[in-house]
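Structure, as structure tokens:
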Amino acid sequence: MDCTCSNFRTSTAPFSWTPTSTSKLKFRRLNSIKHSMVAMSVSGSGENGSLARFPLTPNKLFMQEAIGAEYGEGFESFRPDGPMKVDVDFLNDRLQEGFLKRIRYSMKPDEAYGLVFSWDNVVADTQTLKLNAWKQLASEEGKRVPEDGDVQKLMLYAGADQVLQKLLLWGMAESELDRLKLRFSELYYRGLLSLKTPVDGLKEWLDAVSTARIPCAIVSSLDRIHMLEALDRMSLKKYFQAIVTEEDDMESMAHRFLSAAVKLDRKPSKCVVFEDDPRGITAAHNCTMMAIALIGAHPAYDLVQADLAVGSFNELSVINLRRLFANKGSTFMELQKQSAEKAPSKRKLRIDTIF
């Protein structure tokens, strides 16, 4: 199934913005500078290619993305007749199901949903890759990584500059920092090349949703080529009908989710995001999407805002998706005042007694 944005269509009203290729649908940042791609030849090769083919952008490995869509804002697309803003409400309106689809979804309601999976710690155990890369770098430099769990957790989500300067405190010169960041990138991508096993229970869950014919998308900051290669090594490529990667040039987590909804041809309010990060859950809710949290990288008490939190994909079934949307948009369990009609006043019978 072709997952390019040419599938973006509407069934309720003519949509003047109908690109014919992925490049035309590419949403451009307004206030961002494109990160330079640093290519570095290194020794050794993985099963599917050499490390030299990876774009080494060390600070992007841990760059904390903005949540996005705090006020329902979306993208801004540039056209010959001027810019056009595409926000959450716009997509929910334009991606409404047409008459024939509504009939189909009434018989097969599961097909109306769209599932969006985050790459980090949801599809692949990237936190282990990152921590191992830092430990190996420390070993090469004759340094040590603190054993404090809180410090190691910060290392997984902070930028490479912040980790080297404020957490590890190795006291390196600026020129040395650049060398260490590049070396860290090499170690991380080397681990990525050897990654062949997805998160526990994911393949069985994808088998179940594939049987139910629910389309799936994956979002990541990796480049598209190597994302596809990683999915191929894990035998997961066939399950995803859409992929959002670095080439889509999204500036926030919410924009990645909205782009995935567009590529799946599902309105955001019918999508479910699988995340392990509280910030990703907030981004999903900002997009009017449901959020299922995977407990692991963050404890359960940090994920209370999720619509559903599970320890692994083995705890899920398709019926869970139906229950998420069962009462959406209704006033179920909300207190309401019911105005009781006043009964007409009873007529009093008067009996005049004559004495």
Side-chain angles (χ1 to χ4, degrees), residues 1 3 39-58 60-62 115-137 139-140 145 152 155-157 182-211 214-247 256 260 273-277 280 292 294-298 310-316:
M1 175 179 178
C3 62
M40 186 174 182
S41 297
V42 292
S43 59
S45 61
E47 191 174 278
N48 290 313
S50 171
L51 283 174
R53 295 166 53 234
F54 277 99
L56 302 181
T57 52
K60 292 192 70 174
L61 294 178
F62 297 106
L115 306 186
V116 181
F117 294 80
S118 177
W119 164 257
D120 290 325
N121 305 317
V122 174
V123 174
D125 184 13
T126 56
Q127 64 175 353
T128 300
L129 293 180
K130 293 172 183 176
L131 188 58
N132 288 341
W134 281 121
K135 289 182 177 180
Q136 187 172 347
L137 179 62
S139 177
E140 291 179 359
V145 172
Q152 291 188 0
M155 291 173 60
L156 297 176
Y157 297 99
L182 286 174
R183 179 56 182 160
F184 165 72
S185 299
E186 297 169 24
L187 296 174
Y188 174 77
Y189 281 117
R190 181 172 296 167
L192 187 63
L193 282 171
S194 62
L195 187 64
K196 297 181 181 179
T197 306
V199 169
D200 183 45
L202 175 62
K203 193 173 186 302
E204 292 75 15
W205 170 242
L206 290 174
D207 277 328
V209 298
S210 177
T211 301
I214 304 175
C216 299
I218 184 171
V219 298
S220 172
S221 58
L222 287 174
D223 64 287
R224 183 179 182 84
I225 293 177
H226 298 99
M227 166 58 68
L228 291 173
E229 289 183 355
L231 291 175
D232 195 39
R233 285 194 300 273
M234 293 188 287
S235 301
L236 298 179
K237 184 178 178 181
K238 62 180 180 180
Y239 295 110
F240 295 101
Q241 288 74 45
I243 295 177
V244 179
T245 55
E246 183 185 21
E247 288 81 0
R256 290 187 189 278
V273 173
F274 291 83
E275 261 286 355
D276 75 310
D277 189 348
I292 295 181
L294 198 64
I295 303 171
H298 293 271
V310 295
S312 72
F313 287 104
N314 293 322
E315 301 176 20
L316 290 173

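The CD atom of E186 sits 10.0 Å away from the CG atom of L137 when rounded to the nearest 0.5 Å. Expressed to the nearest 0.5 Å, how far CG of N132 lies from CG of D125 amounts to 9.0 Å. Rounding to the nearest 0.5 angstrom, the gap separating the CZ atom in R256 from the OG atom in S221 is 5.5 Å. Atoms CD and CG, from E247 and D223 in turn, are 5.5 Å apart once rounded to the nearest 0.5 Å. The line from OG1 of T211 to CG of L206 is 10.5 Å long, rounded to the nearest 0.5 Å. Once rounded to the nearest 0.5 Å, the distance linking CZ of R190 with CG of L192 reads 12.5 Å.
You'll find the side chain of L236 stays beyond 4.5 Å of the side chain of F117, heavy atoms only. Looking only at side-chain heavy atoms (C-beta outward), L193 and R233 come within less than 4.5 Å of each other. Side-chain contact between D200 and N314 is present, with at least one heavy-atom pair separated by less than 4.5 Å. I218 places none of its side-chain heavy atoms less than 4.5 Å from the side chain of V244. Using a 4.5 Å heavy-atom cutoff, the side chains of D120 and D277 are not in contact. Put simply, the side chain of L294 does not reach to within 4.5 Å of the side chain of N121, judged on heavy atoms. Looking only at side-chain heavy atoms (C-beta outward), M234 and V123 come within less than 4.5 Å of each other. A heavy-atom distance below 4.5 Å is found between the side chains of Y239 and S210.
Taking the six-membered ring where tryptophan is involved, the planes of W205 and F313 are essentially parallel, since the angle between them stays under 30° and well short of 60°.
Screening Q136, R183, K130 for a side-chain contact (heavy atoms from CB on, under 4.5 Å) with Y188, the sole residue that qualifies is K130. None of T245, I243, L231 except one satisfies the side-chain contact (heavy atoms from CB on, under 4.5 Å) rule with W119; the exception is L231.
Nearest heavy atoms, L222 versus S220: N-OG, 3.0 Å.
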